[in-house]
Asker: 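Below is the structure I would like to discuss, written out as structure tokens.
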There are 2 protein chains.
Amino acid sequence: MKLYGYWRSSCTWRVRIALNLKGLGYTYEAVHLLKDGGQQNSDAYRAVNPLRTVPTLEFQEGGTVRRLSQSMAILEYLEERHPTPALLPAGPWERARCRMLSESVNSGIQPLQNTSVMQFVKKEFQADEKAFAAHWNARGLTALEAMVQETAGTYCIGEQVSFADLFLVPQLYGARRYGVDLTPYPTLTRIEAACEKLPAFQAAHADRQPDAVPA
Amino acid sequence: MKLYGYWRSSCTWRVRIALNLKGLGYTYEAVHLLKDGGQQNSDAYRAVNPLRTVPTLEFQEGGTVRRLSQSMAILEYLEERHPTPALLPAGPWERARCRMLSESVNSGIQPLQNTSVMQFVKKEFQADEKAFAAHWNARGLTALEAMVQETAGTYCIGEQVSFADLFLVPQLYGARRYGVDLTPYPTLTRIEAACEKLPAFQAAHADRQPDAVPA
């Protein structure tokens, strides 16, 4: 498998964790979201992914090259094809909660801080794009902290690492970048600390990727 | 089951279509997103859904009242509990494509035009919030028109109505509201026309809801 991604892209990061947890090897092709006007906007990458987003997962299925984008779609696909270890809980209600928590990041926070949106806010509105991102992070994390109370154990859903943790950890990294004070979210940061003890999360960390730029 | 929603909320609309297609009866509780400073911001509704979003689906499971938000989480839950008729294709690759198309709306377009974001853009940036919404609609629909070519039949994925159609139809309604020219998206509008022939889509239409406000 080949993963097109960017070190600091939270959506790519989610997929890296899943691949690591499931023990699936992959090659990594960096797509620099800022260089050359954004390499995701090149004709070559548009042919890979018309959405011009990362990640894209490329793999063979029945001799055909398949390319899949959208981190949630990729995670669900990996879960179906490589079910062990499971990253969704066993019960339908717990699975539903897990997807709800995940989507509260996936559709509730991240879209408002992705590169193209932040560039638009800065350029078109001459506004502080980091403050914009911080606003939606704080709002979304406040809801997530409240919602996770119902299910949290060591991880977001009890004692099992699940999709929800894969969405949480990269999001908190982003929130810190935008200057969000994380003290109102003690459950979320506690879960993050637990996840960061796991090798699969450690290896997936933005700062450890080949295209990472030292601070 | 009880569905908290708003007539013109595209996320609520997706769930209405699914409930109708699966023949699941429900009561509808309107949450007016604009009245009284937004009824979703009331303490009563926050207790139902800390995200302050619609829809929320309320139901009983094993004698316990369950509340689920995030339209994609709700759709996946309905699909697991009420699998007939299936709204996800049978093959893993086709399911993955279906989720990818759905997420390109769910996380790629809708979050940038939801009520709270548009209100923020208008108030904080003194900007034209409809032009902001139109920009992201046009960008996302351009990618969706390209992606859907690979799988489109009568519907987004061949001849089977799927999640992707549930995301598409309400999104095109929104795009028109924001003044997006839909002529560059002939495949998407052709699929929309096919969907609108189905009673489940007709009954779910925004304009047919009890809380709809005539134009």
Side-chain angles (χ1 to χ4, degrees), chain A residues 11 46 49-53 57 61-62 64 66-78 80-81 88 91-93 95-112 114 116-117 120-121 124-127 131-132 135-136 139-140 142-147 149, chain B residues 11 46 49-53 57 61-62 64 66-78 80-81 88 91-93 95-112 114 116-117 120-121 124-127 131-132 135-136 139-140 142-147 149:
Chain A
C11 305
R46 267 187 203 227
N49 177 355
L51 286 168
R52 297 182 271 159
T53 55
L57 187 67
E61 209 193 45
T64 307
R66 305 293 203 188
R67 291 182 181 127
L68 190 60
S69 63
Q70 290 294 336
S71 62
M72 183 57 101
I74 294 171
L75 294 178
E76 295 274 6
Y77 177 81
L78 292 174
E80 292 188 359
R81 299 298 268 180
L88 282 172
W93 170 244
R95 265 204 301 284
R97 291 286 302 188
C98 180
R99 288 183 173 118
M100 180 184 74
L101 298 177
S102 302
E103 286 289 358
S104 78
V105 174
N106 186 52
S107 72
I109 304 177
Q110 194 284 329
L112 295 157
N114 84 25
S116 58
V117 173
F120 188 95
V121 164
E124 301 295 326
F125 302 145
Q126 282 91 48
F132 182 78
H135 172 82
W136 299 106
R139 183 185 159 116
T142 299
L144 189 56
E145 173 76 20
M147 292 192 299
Q149 305 293 333
Chain B
C11 305
R46 269 187 203 227
N49 177 357
L51 286 168
R52 296 183 271 160
T53 55
L57 187 67
E61 209 193 45
T64 309
R66 306 293 204 188
R67 291 182 182 127
L68 191 60
S69 63
Q70 291 293 335
S71 62
M72 183 59 100
I74 295 171
L75 295 178
E76 294 274 4
Y77 177 82
L78 291 174
E80 292 188 359
R81 300 298 267 180
L88 282 171
W93 170 244
R95 266 203 301 283
R97 291 285 304 188
C98 180
R99 289 184 174 118
M100 179 184 77
L101 298 177
S102 302
E103 286 289 358
S104 77
V105 173
N106 186 52
S107 73
I109 303 177
Q110 194 283 328
L112 295 157
N114 83 25
S116 59
V117 173
F120 188 96
V121 164
E124 300 295 327
F125 302 146
Q126 283 89 50
F132 182 78
H135 172 82
W136 299 107
R139 183 185 159 114
T142 299
L144 189 54
E145 173 76 20
M147 291 192 301
Q149 305 294 333

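To find a chain, count down the sequence lines: A is the first, B the second, and so on, and within it residues start at 1.
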Asker: Counting heavy-atom pairs under 4.5 Å with chain B, which one of A:Glu145, A:Glu76, A:Gln126 comes out on top?
Answerer: A:Glu76
Asker: Counting only heavy atoms closer than 4.5 Å, note whether A:Ser116 contacts chain B via side chain, backbone, both or neither.
Answerer: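 Both parts, backbone and side chain.
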Asker: In Å, rounded to the nearest 0.5 Å, how long is the span from CD1 of B:Ile109 to CG of A:Leu51?
Answerer: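 It is 8.5 Å, given to the nearest 0.5 Å.
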Asker: Would you give the length of the straight line joining atom CD of B:Gln70 to atom OG of A:Ser107, rounded to the nearest 0.5 angstrom?
Answerer: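 Those atoms lie 4.0 Å apart.
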Asker: Looking at A:Tyr77 and B:Pro92, what are the two nearest heavy atoms and their distance?
Answerer: CD1-O, 3.8 Å
Asker: By a 4.5 Å heavy-atom criterion (distance strictly below it), what part of A:Val121 contacts chain B: side chain, backbone, both, or neither?
Answerer: side chain
Asker: Are the charged groups of A:Glu80 and B:Arg95 less than 4.0 angstrom apart, N to O?
Answerer: yes
Asker: How long is the span from the CD atom in A:Glu124 to the CZ atom in B:Phe132, to the nearest 0.5 Å?
Answerer: 10.0 Å
Asker: For the interface with chain B, which of A:Arg66, A:Glu61, A:Arg139 has the highest count of heavy-atom pairs at distances below 4.5 Å?
Answerer: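 Sorted descending by pairs with chain B, the first entry is A:Arg66.
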Asker: What's the shortest heavy-atom distance between A:Ala73 and B:Ala96, and which atoms?
Answerer: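 Heavy atoms of A:Ala73 and B:Ala96 come nearest at CB-O, 3.9 Å.
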Asker: Under a 4.5 Å heavy-atom cutoff, which of A:Arg46, A:Gln110, A:Met147 has the most pairs with chain B?
Answerer: A:Met147
Asker: How many angstroms lie between CE in B:Met72 and CG in A:Asn106, if you round to the nearest 0.5 Å?
Answerer: 8.5 Å
Asker: Could you give the distance from CZ (B:Arg97) to CZ (A:Arg67), rounded to the nearest 0.5 Å?
Answerer: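 The CZ atom of A:Arg67 is 11.0 Å from CZ of B:Arg97, to the nearest 0.5 Å.
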Asker: Of the listed residues (A:Ser71, A:Cys98, A:Ser69), which shares the most heavy-atom pairs with chain B below a 4.5 Å separation?
Answerer: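 Most heavy-atom pairs under 4.5 Å with chain B: A:Ser69.
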Asker: For chain A, which candidate among B:Gly140, B:Ser102, B:Ala143 shows the most heavy-atom pairs at distances under 4.5 Å?
Answerer: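 Most heavy-atom pairs under 4.5 Å with chain A: B:Ala143.
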Asker: Are B:Trp93 and A:Leu68 close enough, and set up right, to give a side-chain contact (heavy atoms from CB on, under 4.5 Å), and what steps lead you there?
Answerer: CA-CA 9 Å; B:Trp93 170 244; A:Leu68 190 60; 4.2 Å; yes
